[in-house]
Number of protein chains: 2
Amino acid sequence: MTKAKLPPRGTRKRDVPLTETGIYAAALRLIDADGVDALTMRKLATALDANPMSLYHHVPNRDALLRGVARAVGAQFRTVTLENAAWQERIRLLATDFRTLAHRHPNLMAYSFSQPDFIQPEDPFWAALTATLDAAGVPHSEIRPIAALMCAVVIGVLTAELNGALHQWSNLEPIVPADGEEGPADAGPEEDRMFRLVLDTIITGLESRLITDGDAQGADRSLATEAGSWTSEPSFGPRQPSGSGSRWPDPV
Amino acid sequence: MTKAKLPPRGTRKRDVPLTETGIYAAALRLIDADGVDALTMRKLATALDANPMSLYHHVPNRDALLRGVARAVGAQFRTVTLENAAWQERIRLLATDFRTLAHRHPNLMAYSFSQPDFIQPEDPFWAALTATLDAAGVPHSEIRPIAALMCAVVIGVLTAELNGALHQWSNLEPIVPADGEEGPADAGPEEDRMFRLVLDTIITGLESRLITDGDAQGADRSLATEAGSWTSEPSFGPRQPSGSGSRWPDPV
DNA sequence: ACCTGAACACCGTTCAAGT
DNA sequence: ACCTGAACACCGTTCAAGT
């Protein structure tokens, strides 16, 4: 890297030739800031201090650009390490990692979630999910449909969380304003609790189905004893993923 | 513009002044045909045989137009009649009616599902859902979060069905082609089965939670005896909503 | 009151021409 | 090989002017 060639004057943003990955990185920055719709080939070019038409030398078109950004970000996440914990915990870990990624780049993920090819058969994520369902005792013919449904469910809940629908729906039927000022506080912990609630509910539902179908080979411990109650406090719970690799973004 | 001046081709589409509802109807036709992104103020105007700028006299802008179309179509559905069946069946009915609407206008609903204000507190649908959860014995403080999560889950599954993700994910890991030609057939019945599967799973999960929390006042009958098995045939099942109002669109 | 033509400020993308 | 200016075919929307 030749540093001797100093930029002409002032803040030149790019002293290096255009690269596909560099274009993706700049696009991700713009998407994080203003959303996918606001990302424009022309605005991206000026952010890169380049001519708009130069981009087309590295990226076929805008759609391919977005796909590339989504793929690059997804690669951050698809390297989930498996452990030999109970399948319930492994599913929880996969889902919370998914959610962490959604929190990190909400604008991009809201777009990615609407793309049908967001999850690919080669993804380590898909392999981990299907392997977990297999370990749980799901019959082989049902593993892929169940995995697909779980992806759809988690994506649906995350989409509703990201666009604010979850929060708005939970607060429907506005309560009459009492004397004290009870602001709706920050949305964070309540949505944490709701996410755990869906996860627990579908896991419990899966367990029931596995047990009903005769002895399931992998589901020997019932979650009934540790099932959270309706009235469990949002501030803490026994359902925290036991720090086995799921790290949460700083509450902003 | 006098009537004597006819457009070149004889079929004049509009001999009546522009109306807000007429604009919505024409917009819905275009959306059904080509999707929301392809709906353009200019194309809509030519479809109505009007000047593009005339539309702005009845509709503030394109966003308001789309909201209006979504609201008009949603009103078709939000008049769900409640019965006094078991809460499980009532939830199934609400969900399948939702799905019927999604099948009738897939392009529009794929857009509506991404709008956070698609479900409003005044909707009969929301009232029916919360009343059903209340009847099931869900504690009052949890009714709205649970209803919100069920909406998010159903919307997630329907979105994945509409954009083909559900079908694609289910067919991941391509099977080695055996001797016989086992084509993937039509996507319809398999997705019917998957939709019932999610519904049953979350209903079973809810039942478990209700029973675990001590006696739930409304859940006296267990679904265990009628719970479908993993290997139930897709062609029929005991889970059909008993013809109590859920009508399916003609399989196209 | 309702409609309209012209115009503005944007888009994504093509293409021939530069170096 | 990489880049670029000009241009094309679209957008949503504003606005002054028509009837």
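Only heavy atoms go into these numbers, but all of them, side chains included; no hydrogens, no water, no symmetry mates.
- Not counting sequence neighbours, the partners of Tyr111(B) by the side chain to side chain donor-acceptor pair (under 3.5 Å) test are Gln115(B).
- Partners of Pro116(A) under the side chain to side chain contact (heavy atoms under 4.5 Å, CB included) rule, at least two apart in sequence or in another chain, are Asn163(B), Ala165(B), Gln168(B).
- Of the candidates Thr130(B), Leu129(B), Thr132(B), Ile143(B) forms a side chain to side chain contact (heavy atoms under 4.5 Å, CB included) with just one, namely Thr130(B).
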| field | Base-contact (B) and sugar-phosphate-only (S) positions in nucleotides 12-17 of chain C, heavy-atom cut-off under 4.0 Å, - elsewhere | value | BBB---
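- When rounded to the nearest whole Å, the span between CG of Leu55(B) and P of dC11(D) equals 13 Å.
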Pairs of donor and acceptor atoms involving the side chains of residues 21-32 of chain A, under 3.5 Å and at least two apart or interchain, shall be tabulated with distances.
unit_1, atom_1, unit_2, atom_2, d
Tyr24(A), OH, Glu20(A), OE2, 2.9
Asp32(A), OD1, His105(A), ND1, 3.0
Asp32(A), OD2, His105(A), ND1, 2.9

| message | One pair to check against ring-ring contact (aromatic ring centres under 6.0 Å, His included): Phe98(B) and Phe113(B). What are the steps and the verdict? | response | CA-CA 11 Å; Phe98(B) 213 54; Phe113(B) 287 162; 5.7 Å; yes
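- Stem regions for DNA chain D, each three or more consecutive Watson-Crick or G-U pairs with both distances under 3.5 Å and listed by first number, read C:4-8 with D:12-16, C:12-16 with D:4-8.
- As rounded to whole Å, 14 Å separates atom C1' of dT4(C) from atom CG of Asp49(B).
- Aromatic rings of Phe118(A) and Phe125(A) (six-membered ring for Trp) have centroids beyond the 6.0 Å cut-off, not under it.
- Here His58(A) reaches the OP1 or OP2 of dC3(D): one of its side-chain N or O atoms lies under 4.0 Å away.
- At distances below 3.5 Å, at least one donor-acceptor pair connects side-chain atoms of Asp123(A) with backbone N or O atoms of Gln120(A).
- Within the structure, salt bridge (Lys or Arg N to Asp or Glu O under 4.0 Å) contacts touching residues 147-169 of chain B (residues at least two apart or in different chains) are Arg99(B)-Glu161(B).
- In this structure, Ile23(B) places its CD1 atom 12 Å from C1' of dC3(C), rounding to the nearest Å.
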